[in-house]
Number of protein chains: 2
Amino acid sequence: MNELLALDNQICFSLYAANRAITSRYRPLLAELGLTYPQYLVMLVLWERASANQPTRVSDLGTRLRLDSGTLTPLLKRLALRGLIHRERRQDDERVVTISLTDEGAGLREQAAQVPQKLLCGLDVSPERLLALRHELNAVLKAIEAQEVEEEPSG
Amino acid sequence: MNELLALDNQICFSLYAANRAITSRYRPLLAELGLTYPQYLVMLVLWERASANQPTRVSDLGTRLRLDSGTLTPLLKRLALRGLIHRERRQDDERVVTISLTDEGAGLREQAAQVPQKLLCGLDVSPERLLALRHELNAVLKAIEAQEVEEEPSG
DNA sequence: TCAAATTAAGTTGTGTGCAATATAAATGTC
DNA sequence: GACATTTATATTGCACACAACTTAATTTGA
């Protein structure tokens with residue numbers, strides 16, 4: 001009876017289960033917008049950067065979302081197929097693909113603005129508590145990522 | 001600049017990123033055992049139930065891990081192929097498949113017992129803080145799942 | 001008792017994640 | 001200026017997740 005191995009004592013399982021549970025709450029709301037959850041995250045980044053007039057490369061999305069091209073390339077192709085974004089090779093550096101919003105993609109933001117409230121209302125956890133949880137998660141994320149840099153001192 | 005839509009203000013993104021970050025820390029440790037992360041979770045449940053002499057059905061794993069047969073069936077086939085488990089249709093109810101550990105599967109527990117410590121040491125977050133985070137995550141998970149039952153009162 | 005409903009697991013198809021590798025363009029170096 | 005190195009993205013292959021559907025066995029109930 002190794003207590004350390006008990007499923008309920010694994011922080012990783014709590015994260016795993018909570019993440020999937022939250023995602024499953026988003027799914028029907030995002031389906032109304034015709035988006036999957038990772039596609040929604042990509043759109044959030046694009047909306048954010050567009051309103052700051054920042055052009056966005058595939059690698060910018062990767063850095064922000066911690067995703068590589070193996071995930072992003074097909075996802076972006078689907079968003080392009082849906083008419084929400086443009087993918088364009090940059091003239092002065094043909095290695096780079098620039099992602100920009102179409103009018104439809106930019107317009108979708110208004111509908112998306114409803115999503116966070118819709119999700120929170122009906123969830124029996126106070127906003128303060130969620131805020132605290134978010135801060136804790138970010139701290140753990142930071143600690144893990146700091147460790148990764150530490151272990152690859154390939155400078 | 002809709003603050004509600006800012007990526008950094010999305011609890012869901014913190015969960016998503018932290019979950020993948022933690023999982024990526026597990027990956028090399030579990031690779032030594034020849035397990036993926038979801039396979040590890042299944043083994044945790046099997047070890048736990050075996051030490052309590054509880055037989056385990058596919059649906060027991062599904063309930064505990066919140067996974068359906070579409071995920072579990074192929075995963076369990078891979079574990080069986082690896083020689084860690086047996087899959088057997090129950091005699092008295094042929095709809096049910098019982099999962100049991102092979103000797104090798106049971107023996108793997110000793111190696112797995114090293115995993116949690118290995119993961120925690122090197123992570124610059126205090127155990128107390130992780131414990132608090134786990135409790136918070138479980139509370140949110142419970143709130144979400146309570147809501148699901150509430151919305152499907154199909155009794 | 002026997003057809004309808006329910007239950008348990010399996011199958012199929014789509015969309016991630018991620019490792020490994022490939023391709024092509026730019027950069028650095030001699 | 002030719003060649004090795006680096007950089008940015010794309011491709012391939014595998015393993016989840018999950019919705020939708022199928023199959024087969026059991027239970028229910030008129």
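Here is the naming used below: chain letters follow the sequence lines, and residue numbers restart at 1 for every chain. These values consider heavy atoms only, across backbone and side chains, with no hydrogens, waters or symmetry-generated copies.
Side-chain N/O atoms of B/Ser59 include one lying less than 4.0 angstrom from OP1 or OP2 on C/dA9. Residue A/Arg89 places none of its side-chain N or O atoms closer than 4.0 Å to OP1 or OP2 of D/dT9. Between C/dA19 and B/Arg27, a contact under 4.0 Å exists linking OP1 or OP2 to a side-chain N or O. At C/dG17, one or more side-chain N or O atoms of B/Tyr16 fall inside 4.0 Å of OP1 or OP2 (strictly under the cut-off). In this model, the phosphate group of C/dT16 is approached by a side-chain N or O of A/Arg78 to a distance below 4.0 Å at OP1 or OP2. Put simply, A/Gln39 has no side-chain N or O that comes within less than 4.0 Å of OP1 or OP2 on C/dG15. For D/dA17, the OP1/OP2 oxygens have no side-chain nitrogen or oxygen of A/Arg20 closer than 4.0 Å.
Put simply, CG on A/Leu76 is 8 Å from P on D/dA10, counting in whole angstrom units. At whole-Å resolution of the value, CG in B/Asp93 and C1' in C/dT6 are 12 Å apart. Rounded to an integer number of Å, the gap from A/Arg87 CZ to D/dA8 P is 17 Å. A/Leu75 places its CG atom 12 Å from the P atom of D/dA10, with the value rounded to the nearest Å. If you take NZ of A/Lys77 and P of D/dT11, they are 4 Å apart, rounded to a whole angstrom. As a whole-Å value, the separation of B/Leu67 CG from D/dA15 P is 16 Å. Between the CG atom of A/Leu79 and the P atom of C/dT16 there is a distance of 8 Å, given to the nearest Å. If you measure from atom OH of A/Tyr37 to atom P of D/dC16, you get 21 Å, rounded to the nearest angstrom.
No donor-acceptor pair under 3.5 Å is formed between the side chain of B/Gln111 and the backbone N or O of B/Leu33.
DNA chain D is contacted by both A/Thr73 and A/Thr23; A/Thr73 maps to the nucleotide lying nearer its 5′ end (nearest heavy atom per residue). Mapping B/Asp92 and A/Val96 onto DNA chain D via the closest heavy atom, the residue that lands nearer the 5' end is A/Val96. Each of A/Gln91 and B/Val97 was assigned the nucleotide of DNA chain C with the nearest heavy atom; the assignment lying further toward the 5' end belongs to B/Val97.
Contacts of A/Arg90 with the nucleic acid, taken as non-hydrogen atoms under 4.0 Å apart, are absent. In this structure, B/Ser69 reaches the bases: a heavy-atom distance under 4.0 Å links it to at least one base atom across the strands shown.
The aromatic rings of B/Tyr16 and A/Tyr37 lie perpendicular to each other, with more than 60° between the two planes, well past the 30° mark.
To the nearest 0.5 Å, the span separating CG on A/Leu30 from NZ on A/Lys118 amounts to 10.0 Å.
Side chains of A/Ser14 and B/Arg134: a donor-acceptor N/O pair is absent below 3.5 angstrom, by distance only.
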Might you work through the side chain to side chain contact (heavy atoms under 4.5 Å, CB included) test for A/Glu136 and B/Glu136, ending with a clear yes or no?
CA-CA 10 Å; A/Glu136 278 302 307; B/Glu136 278 303 305; over 6 Å; no

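Of the charged side-chain nitrogens involved, none lies within less than 4.0 Å of a carboxylate oxygen, so that B/Arg129 and B/Asp124 do not count as a salt-bridged pair.
Under 3.5 Å, the side chain of B/Arg95 and the base of C/dT7 form at least one donor-acceptor pair of N or O atoms.
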